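These notes concern the structure reproduced below.
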Amino acid sequence: MDIRSVPLHEVWLLRHEVMYPDYPADVVKLKDDEQGIHLGIYKAGELVSVVSVFQQEGNMQFRKLATRKDWQGKGLATALLNYIDKLAQQKRAQKLWCNARLTATRLYEKMGMHTTGQPWQALGQDFIVMEKKLNQQKMEIIPAIDIIDGKCVRLSKGDYTQKTVYNENPLEVAKSFEDAGLKRLHLVDLDGAKAGEVKNWKVLEQVAGKTSLQIDFSGGISSNESLAITFNSGAAYAAIGSVAVKNETLLSDWFKAYGVEKFILGADVLDEKIQIKGWTVATDINIIDFIRNYAAKGVQQFFCTDISKDGLLQGSSNDLYKKILDHVEGISLIASGGVSSMEDLETLKEVGCSGAIVGKAIYENRISLEDLKKFN
């Protein structure tokens with residue numbers, strides 16, 4: 001069924017004809033109509049069904065669903081509602097809701113909505129709020145191990161001179177994550193990232209061989225040889241950063257050889273611009289343009305680290321992640337950098353991130369492994 005945008009003057013005419021023909025025409029005009037999305041169905045060039053949609057604070061409301069009397073009962077309202085449901089999912093709305101006439105509740109129940117609160121009257125009609133929770137996906141917690149000289153470390157703001165060694169045995173740390181019920185691991189070869197070639201592959205091999213964790217490995221994967229070492233050493237995913245920025249042709253060849261699903265593209269950003277080679281080289285590439293480009297090539301998973309937040313335990317870059325998800329639909333975005341509390345994780349889940357990488361907050365006991373067991 002052809003659903004299209006409708007100009008406001010036509011919206012108001014149909015609303016008045018169907019909903020409140022005995023009232024002045026202005027009664028059907030909403031103060032925020034100018035900010036709404038107005039969708040309708042035309043038959044023989046005439047508007048016969050219309051609805052208005054408004055997005056606010058992560059939720060989506062639809063209002064003034066009206067179908068001309070001679071077209072009622074023919075599935076037009078249902079088609080518009082199904083369209084809105086899909087639109088709300090695409091926009092990552094947390095809730096879809098409306099002020100429903102009591103006589104129309106069964107229609108909305110068919111699309112999974114339920115009543116909430118108490119009914120009230122307006123303009124001689126009985127109304128009640130109906131809503132449907134959306135995008136209640138789980139968010140995966142991915143602990144991080146950063147490696148320098150074979151040891152588990154963390155940097156602050158990507159500065160190699162601000163290094164803290166937390167454990168000299170990365171396998172011991174990885175096993176503690178596995179014992180806590182976590183399924184994945186973000187393993188970063190910081191020596192490799194700086195050198196431009198994989199250095200700590202033996203750590204990867206040891207952790208992959210002695211745990212069941214699904215490992216995404218990054219740092220220094222810059223050639224066919226280093227990629228082969230990564231997968232041969234047991235990585236489930238290759239997390240690619242610099243090559244995705246500098247050599248798109250090579251990365252496309254890798255997609256063909258191994259399958260695009262084996263890759264997670266990582267972007268380390270400062271002021272929304274990507275930095276490469278272990279955060280040591282700045283570029284002018286915008287993170288949203290970067291992700292949009294590779295999403296069109298079939299890449300599903302992306303992680304984004306805000307360097308200004310990383311290792312500081314000052315909270316994650318929620319506005320940045322929301323902006324990315326608003327501009328690029330259909331991706332799995334993994335947040336990284338700045339997570340300091342369980343509250344941060346709950347917020348990232350609400351934003352719509354599919355995963356969150358947690359490092360320093362675990363090592364400095366801001367977040368316990370017991371808390372992570374209970375998350376989701």
Side-chain angles (χ1 to χ4, degrees), residues 3 30 32 35-39 50-66 75-120 122 125-142 181 183 300-302 315-335 339 341-356 358 371-376:
I3 296 174
L30 304 174
D32 49 356
Q35 286 74 52
I37 301 170
H38 308 285
L39 303 168
V50 71
V51 68
S52 299
V53 181
F54 304 87
Q55 192 159 10
Q56 49 204 199
E57 297 180 356
N59 298 323
M60 185 172 283
Q61 179 190 18
F62 64 89
R63 304 178 69 178
K64 305 298 184 187
L65 175 61
L76 275 63
T78 298
L80 283 172
L81 291 173
N82 288 337
Y83 187 94
I84 292 168
D85 198 358
K86 291 178 182 178
L87 179 65
Q89 298 278 359
Q90 291 171 359
K91 296 292 186 181
R92 296 184 176 270
Q94 297 298 306
K95 181 175 71 175
L96 179 65
W97 70 283
C98 71
N99 294 323
R101 294 189 185 192
L102 287 183
T103 55
T105 55
R106 291 186 66 182
L107 173 65
Y108 302 133
E109 285 170 353
K110 289 180 181 178
M111 59 182 291
M113 301 183 78
H114 64 272
T115 60
T116 181
Q118 298 298 315
W120 75 93
Q125 298 287 338
D126 294 311
F127 291 89
I128 193 165
V129 173
M130 297 192 74
E131 64 179 32
K132 177 182 180 179
K133 297 290 179 66
L134 303 172
N135 296 314
Q136 301 299 301
Q137 64 181 32
K138 290 188 175 182
M139 186 178 76
E140 192 161 30
I141 303 300
I142 307 172
K183 305 298 184 185
Q300 285 290 311
Q301 295 191 79
F302 297 85
S316 49
S317 295
N318 304 318
D319 290 342
L320 172 63
Y321 301 136
K322 186 176 187 306
K323 186 174 182 179
I324 292 170
L325 290 168
D326 284 345
H327 283 78
V328 190
E329 297 177 350
I331 62 168
S332 294
L333 181 64
I334 300 168
V339 172
S341 66
M342 294 302 293
E343 289 75 18
D344 287 339
L345 293 176
E346 291 290 352
T347 301
L348 288 170
K349 185 178 177 182
E350 290 174 8
V351 165
C353 292
S354 63
V358 187
D371 286 336
L372 293 179
K373 278 185 183 180
K374 301 172 186 174
F375 189 75
N376 281 321

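These numbers come from a predicted model, not from an experiment.
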Open item on the list: Would His114 and Glu109 count as a side-chain contact (heavy atoms from CB on, under 4.5 Å) here? Give the steps.
Closed with: CA-CA 6 Å; His114 64 272; Glu109 285 170 353; over 6 Å; no
Open item on the list: Are Phe127 and Leu102 packed together at the side-chain level, in the sense that at least one heavy-atom pair is separated by less than 4.5 angstrom?
Closed with: no
Open item on the list: So, applying side-chain contact (heavy atoms from CB on, under 4.5 Å) with Leu134, which one of Gln89, Gln94, Lys95 is it?
Closed with: Gln89
Task: From Ile3 atom CD1 to Leu87 atom CG, the distance as rounded to the nearest 0.5 Å - done: 10.5 Å
- [ ] Work out which heavy atom in His38 is nearest to a heavy atom in Ser52; give both atom names and the distance.
- [x] ND1-OG, 2.7 Å
Open item on the list: Once rounded to the nearest 0.5 Å, what's the spacing between atom CD1 of Ile141 and atom CG of Asp371?
Closed with: 10.5 Å
- [ ] Provide the closest heavy-atom pair for Cys353 versus Leu325 in the form atom of the first, atom of the second, distance.
- [x] N-CD1, 4.0 Å
Open item on the list: Regarding Asp344 and Lys349, does a basic nitrogen lie under 4.0 Å from an acidic carboxylate oxygen?
Closed with: no
Task: Exam field: side chain Ser317 to backbone Leu320, donor-acceptor pair closer than 3.5 Å - done: no
Open item on the list: Quick one, Val50 and Leu65 - any side-chain contact, counting heavy atoms below 4.5 Å?
Closed with: no
Open item on the list: Within the 4.5 Å heavy-atom criterion, are Asn59 and Gln55 side-chain neighbours or not?
Closed with: no
Task: Gap between atom CE of Met113 and atom SG of Cys98 - 0.5 Å precision - done: 4.0 Å
Task: Non-hydrogen side-chain atoms of Leu348 and Met139 separated by less than 4.5 Å - done: yes
Open item on the list: Can you confirm whether Gln118 is buried at CD, in the sense that more than 12 heavy atoms of other residues, nucleotides or ligands lie under 6.0 Å from that atom?
Closed with: no
Open item on the list: Using the ring centroid of each side chain, check whether Tyr108 and Phe62 are separated by less than 6.0 Å.
Closed with: yes
Open item on the list: Would the distance check show the side chain of Gln301 and the main-chain N or O of Ile334 forming a donor-acceptor pair, the cut-off being under 3.5 Å?
Closed with: no
- [ ] Take atom CZ of Phe54 as the centre, draw a 6.0 Å sphere, and report whether it contains more than 12 heavy atoms from other residues, nucleotides or ligands.
- [x] yes
Open item on the list: Which heavy atom of Ala77 sits nearest to which heavy atom of Leu107, and what is that distance?
Closed with: CB-CD2, 4.3 Å
TODO: Could you please spell out the steps behind the side-chain contact (heavy atoms from CB on, under 4.5 Å) verdict for Lys138 and Ser354?
DONE: CA-CA 7 Å; Lys138 290 188 175 182; Ser354 63; over 6 Å; no
Task: Value rounded to 0.5 Å, distance of CD1 in Ile128 from OG1 in Thr115 - done: 4.5 Å
Task: Side-chain touch Thr103/Asp126, heavy atoms, less than 4.5 angstrom - done: no
TODO: Mind jotting down which residue pairs meet the salt bridge (charged side-chain N to carboxylate O under 4.0 Å, His left out) criterion with at least one end in residues 320-329? Sequence neighbours excluded, please.
DONE: Glu272-Lys323, Lys322-Asp326
Task: Validation row: Glu346, Phe375 side chains within 4.5 angstrom (heavy atoms) - done: yes
Task: Beyond-backbone contact of Leu372 with Met342, side-chain heavy atoms, under 4.5 angstrom - done: yes
Task: Pair Gln61-Val53, side-chain contact (heavy atoms from CB on, under 4.5 Å): steps then yes or no - done: CA-CA 6 Å; Gln61 179 190 18; Val53 181; over 6 Å; no
Task: Residue pairs, two or more places apart or on separate chains, that pass salt bridge (charged side-chain N to carboxylate O under 4.0 Å, His left out) and touch residues 75-86 - done: Asp85-Lys132
Open item on the list: For Trp120 versus Val129, what's the shortest heavy-atom pair and its separation?
Closed with: CZ3-N, 3.7 Å
Task: Verdict with supporting geometry, Lys64 and Leu30, side-chain contact (heavy atoms from CB on, under 4.5 Å) - done: CA-CA 10 Å; Lys64 305 298 184 187; Leu30 304 174; 3.7 Å; yes
Open item on the list: Would you say that Thr105 contacts Met130 through its side chain, given a criterion of any heavy-atom pair below 4.5 Å between the two side chains?
Closed with: yes
Open item on the list: Counting neighbours of CG on Asp32 that are heavy atoms of other residues, nucleotides or ligands and sit closer than 6.0 Å, is the number greater than 12?
Closed with: yes
